[in-house]
Each structure stands twice: as structure tokens, then as C-alpha cells.
**Q** 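Before I ask anything, let me first share the structure, which is written out below as C-alpha cells.
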Amino acid sequence: MANIQAFLDDFGSIRVIVNRNFFNGNTGGFYLATEDGQCHDCVVRNVEDHEREKVYDLTIPTDLSFGKNLILYDNHGQSVPVVTRYITQTEEFDRQFDYDGDDLGCLYSEDHTDFALWAPTAVSVILRIRDDHDHISLLSMNRTARGVWRARAQGNLKHATYVYLIERDGQIVETTDPYALSSTANGRESAVIDLSEIMKIPDPGA
């Protein structure tokens with residue numbers, strides 16, 4: 001177990017787990033820093049003593065926006081990324097980020113392809129495209145309303161494949177498109193397809 005773990009469990013609330021092997025789990029306080037250099041004091045509202053750890057429930061500002069890295073520091077100089085956890089199961093999270101649009105995934109046309117991914121907890125998203133000549137390009141996606149990330153890739157990308165590189169919780173993970181209608185044979189990359197070709201009805205007299 002790491003010396004300190006920090007979890008964003010609700011709006012205005014972080015749960016911190018401190019290993020007993022680290023100063024016997026004791027700390028003089030915490031503060032929160034965002035990637036833009038802002039620092040915020042954390043108020044300890046509850047402490048639980050356990051055999052191997054101490055658990056601290058912290059009150060933090062409720063107006064911190066998603067899409068930014070949060071780093072928790074303790075008075076011993078230890079720092080850890082704040083990991084998004086149970087906050088995604090709250091009614092307030094649903095109120096802010098529930099999305100019922102029908103444009104997620106990729107939408108192909110001959111001169112460009114639009115990509116849209118619902119990822120409200122992401123800090124950044126990079127679209128990695130591999131065209132049918134095996135050339136790889138990277139495209140930064142833009143965060144828009146309801147935590148939907150969007151990008152438009154120019155050119156004809158029919159039969160190209162792609163993945164998303166998502167930064168969150170202090171890590172970068174590679175993932176396929178959960179809204180894609182096609183993928184490579186090994187399932188490691190999603191595929192751009194022309195829906196108009198799929199929708200064509202064969203002529204029985206042809």
C-alpha cells in the first residue's frame with residue numbers, strides 16, 4: 001500500500017487513507033493544489049483509526065472544476081494525485097454531466113471525420129489515428145459541455161483506425177472508442193466506417 005491515497009468521493013469531499021508505516025498514520029494537515037498553481041486548505045472533519053491505516057475525511061471547496069489534475073499534499077511533504085471515485089455515482093454528477101446526445105463515436109464524411117467521447121473525469125484526451133497507409137497522427141481533443149470531448153480530423157479517413165489516450169487520476173490510459181461500430185480483428189483499435197455503405201440495401205436484381 002502507498003503511504004497516502006486520496007479519493008474524490010463527493011463534491012466538496014476527499015477521503016484520504018494514510019498507511020500506519022508512514023508516521024504512524026499521523027499528519028498535521030493537508031492542502032490541495034491544482035495544475036494552474038492554485039492552493040486550497042483542506043478541513044479535516046473526521047478521522048478513523050484502523051489497525052493498518054488512518055482514514056481522514058476532508059472538506060474541500062465545492063466549486064473545483066473537473067478536467068484539471070488535483071494533487072493532495074500533507075505536512076510531511078508527501079504528494080499524491082486525487083483519484084476520482086464515488087463522486088461519479090452521485091446525483092450532482094449526473095445533473096452536471098448526464099449526456100443523451102446521439103453523436104458520440106465517430107461520424108465519417110469524405111473530407112473530414114468528427115470524433116466525440118463522453119469522458120467528464122478526463123484531464124486531457126488525445127486522439128491517435130492510424131490511416132490505411134499505417135501513418136500515425138495525434139490530435140488533441142477539446143472539452144465541451146457535459147464532459148464531451150470533440151475533435152475534427154481533416155481528410156478522408158475511411159478504413160482508418162484509432163484509439164483515445166485519456167489522462168486522468170495522474171495516469172494516461174489507452175482505450176478504444178466505446179461508441180464505435182467497428183474495430184480491428186484483435187479489438188485493439190476502433191475503426192472509421194462509412195455508414196452510408198452499411199445502410200445500402202442490395203438490389204436483388206443486380
**Q** If you draw the axis of the six-membered ring of Tyr99, does the NZ or CZ of Arg146 fall within 45° of it and under 6.0 Å from the ring centre?
**A**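 No.
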
**Q** If you look at every heavy atom in Arg45 and Gly12, which pair is closest and at what distance?
**A**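 Taking Arg45 first and Gly12 second, the nearest heavy atoms are NH1-O, 4.4 Å.
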
**Q** Among residues two or more places apart or on two chains, list those pairs meeting side chain to side chain donor-acceptor pair (under 3.5 Å) that have a residue in residues 135-145.
**A**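 Of all non-adjacent pairs touching residues 135-145, those that pass side chain to side chain donor-acceptor pair (under 3.5 Å) are Thr144-Arg150.
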
**Q** Counting only heavy atoms not in Gln154, do more than 12 fall under 6.0 Å of its CD?
**A**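 Yes, the 6.0 Å shell around CD holds more than 12 heavy atoms from other groups.
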
**Q** Below 4.5 Å, heavy atoms only, C-beta onward: do Gln5 and Arg85 meet side chain to side chain?
**A**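 Sidechains of Arg85 and Gln5: no contact.
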
**Q** Using the test side chain to side chain contact (heavy atoms under 4.5 Å, CB included), find all partners of Thr27 that sit at least two apart in sequence or belong to another chain.
**A**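 Result, side chain to side chain contact (heavy atoms under 4.5 Å, CB included) vs Thr27: Phe30, Tyr56, Asp74, Asn75, His76.
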
**Q** Asp177 and Tyr164: side chain to side chain donor-acceptor pair (under 3.5 Å), yes or no, with the steps?
**A** CA-CA 7 Å; Asp177 187 347; Tyr164 295 117; 3.3 Å; yes

**Q** With distance as the sole test, does Arg95 use its side chain to make a donor-acceptor pair with the main-chain N or O of Thr90 at under 3.5 Å?
**A**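 Not a single qualifying donor-acceptor pair exists.
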
**Q** Is Asp169 reaching over with its side chain to a backbone N or O of Gln171, donor-acceptor style, under 3.5 angstrom?
**A**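 A pair under 3.5 Å: no.
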
**Q** Using a strict threshold of under 4.0 Å (side-chain N to carboxylate O), is an ion pair present between Arg188 and Glu174?
**A**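 Salt bridge flag = no for Arg188 with Glu174.
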
**Q** Do Arg152 and Asp111 meet the salt-bridge criterion of a basic N to acidic O distance under 4.0 Å?
**A**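 The answer is no: the pair does not qualify as a salt bridge.
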
**Q** Could you tell me if Glu92 and Gln96 have a donor-acceptor pair between their side chains, going purely by distance under 3.5 Å?
**A**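 Gln96 vs Glu92: donor-acceptor pair found between side chains.
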
**Q** State which residues pass side chain to side chain contact (heavy atoms under 4.5 Å, CB included) with Glu91; sequence neighbours excluded, sorted by chain then number.
**A**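 Side chain to side chain contact (heavy atoms under 4.5 Å, CB included) check on Glu91 returns nothing, list empty.
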
**Q** Can you check whether Phe115 reaches Val192 side chain to side chain, under 4.5 Å on heavy atoms?
**A**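 They are in contact (side-chain heavy atoms under 4.5 Å apart), so the answer is yes.
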
**Q** For residues Lys54 and Asn26, determine if any side-chain heavy atom of one lies less than 4.5 Å from a side-chain heavy atom of the other.
**A**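 Touching, per the 4.5 Å side-chain cut-off.
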
**Q** Share the residues that join Ile71 in a hydrophobic cluster, the rule being Ile, Leu, Val, Met, Phe, Trp or Tyr side chains under 4.5 Å apart at the heavy-atom level.
**A**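 Members besides Ile71, by chain and number: Tyr31, Tyr73.
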
**Q** So with a 6.0 Å cut-off around CG of Asn186, is the heavy-atom count from everything else above 12?
**A**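 Yes - once you tally the heavy atoms of other residues, nucleotides and ligands closer than 6.0 Å, there are more than 12.
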
**Q** How would you list, by chain and number, every residue that makes a side chain to side chain contact (heavy atoms under 4.5 Å, CB included) with Ala191, sequence neighbours excluded?
**A**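 Expected list: Thr161, Ser182.
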
**Q** With a 4.5 Å cut-off on side-chain heavy atoms, are Thr121 and Leu8 touching?
**A**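 Sidechains of Thr121 and Leu8: no contact.
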
**Q** If I compare all heavy atoms of Arg168 with all of Ala122, which pair ends up nearest, and what's the gap?
**A**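 Closest approach of Arg168 to Ala122: CB-CA, 4.1 Å.
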
**Q** Please determine whether ring-ring contact (aromatic ring centres under 6.0 Å, His included) holds for the pair Tyr86 and Phe7, giving the CA-CA distance in whole Å, both sets of side-chain angles, and the decisive distance to 0.1 Å.
**A** CA-CA 8 Å; Tyr86 300 137; Phe7 302 97; 8.0 Å; no

**Q** Below 4.0 angstrom, N of the basic side chain to O of the carboxylate: do Arg130 and Glu189 qualify?
**A**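 The answer is yes: the pair qualifies as a salt bridge.
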
**Q** For residues Asn19 and Ala2, report the shortest heavy-atom separation together with the two atoms involved.
**A**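 Scanning both residues completely, I find the closest heavy atoms to be CB-O, 3.7 Å.
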
**Q** Apply side chain to side chain contact (heavy atoms under 4.5 Å, CB included) to Lys68 and list each qualifying residue two or more places apart in sequence or on a separate chain.
**A**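 Listed in chain order: Glu35, Asp36, Ser65.
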
